[in-house]
Amino acid sequence: MMNRMNMNNMMKQMKKMQKELGQEQENLKQQEFKGVSPDDMVTVTFSGDKKMTDIQIKPEAINPDDPDMLGDLVLAAVNDGLTKVDKATQDTMGKYTKGIPGM
């Protein structure tokens, strides 16, 4: 009898946590994250589900004699943006996975 009550309580807690987790994921998707390159020459915007939604490139970042520089600036901005999304995801979802082996 006692085990059944404990199991029911545990199932209720799991369902509640699952619902909260879904809400947190949805909130995260709605957020915007900006990644910037050195000197703010390139700015990219990501949604919380890691979709790039915008890119802004300052005209002075475009040098026809050095196209590799622009590529490096874009890479830096993208990596910065993805790092911010990952950090927010870990900060938000970490409370649900903390203490679970392999998570």
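Around atom CG of Asp39, no more than 12 heavy atoms belonging to other residues, nucleotides or ligands sit under 6.0 Å away. Within 6.0 Å of CD on Glu20 lie more than 12 heavy atoms contributed by other residues, nucleotides or ligands.
Between Glu26 and Gln30, some side-chain heavy-atom pair lies under the 4.5 Å cut-off. Looking at heavy atoms from C-beta onward, Val44 lies out of side-chain contact with Lys34 at the 4.5 angstrom threshold.
Cluster annotation: Val42 is connected to Leu82 through the hydrophobic network of ILVMFWY side chains, with a link wherever side-chain heavy atoms come within less than 4.5 Å. Under a hydrophobic-cluster definition in which Ile, Leu, Val, Met, Phe, Trp and Tyr are linked whenever side-chain heavy atoms come within less than 4.5 Å, directly or via other members, Ile62 and Met41 are assigned to the same cluster. Under the 4.5 Å side-chain heavy-atom criterion for grouping Ile, Leu, Val, Met, Phe, Trp and Tyr, Val36 is not connected to Met69 through any hydrophobic cluster. Phe33 and Val74 fall within the same hydrophobic cluster, defined by Ile, Leu, Val, Met, Phe, Trp and Tyr side-chain heavy atoms under 4.5 Å apart, directly or through other members.
Taken from OG1 in Thr89 to NZ in Lys29, the straight-line distance is 11.0 Å, to the nearest 0.5 Å. The NZ atom of Lys51 sits 15.5 Å away from the OG1 atom of Thr45 when rounded to the nearest 0.5 Å. Atom CE of residue Met17 and atom CD of residue Glu24 lie 11.5 Å apart, to the nearest 0.5 angstrom. The distance from the CG atom of Leu70 to the CD1 atom of Ile57 is 5.0 Å, given to the nearest 0.5 Å. Rounding to the nearest 0.5 angstrom, the gap separating the NZ atom in Lys50 from the CG atom in Leu28 is 10.0 Å. Put simply, CG on Asn27 and CD on Gln31 are 7.0 Å apart, with the number rounded to the nearest 0.5 Å.
Remark: side-chain polar atoms of Ser37 are not paired, donor with acceptor, to backbone N or O of Ala76 under 3.5 angstrom. The backbone N or O of Leu75 sits less than 3.5 Å from a side-chain atom of Asn79, completing a donor-acceptor pair.
Between the side chains of Asp54 and Gln56, a donor-acceptor pair is found at a separation under 3.5 Å.
Shortest non-hydrogen contact noted between Asp40 and Lys58 is O-CE, 3.3 Å.
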side-chain contact (heavy atoms from CB on, under 4.5 Å) between Gln90 and Asp86: does it pass, once the steps are laid out? CA-CA 6 Å; Gln90 182 59 41; Asp86 287 342; over 6 Å; no
Given Phe46 and Val78, is the side-chain contact (heavy atoms from CB on, under 4.5 Å) satisfied, shown in steps? CA-CA 9 Å; Phe46 285 93; Val78 168; 3.8 Å; yes
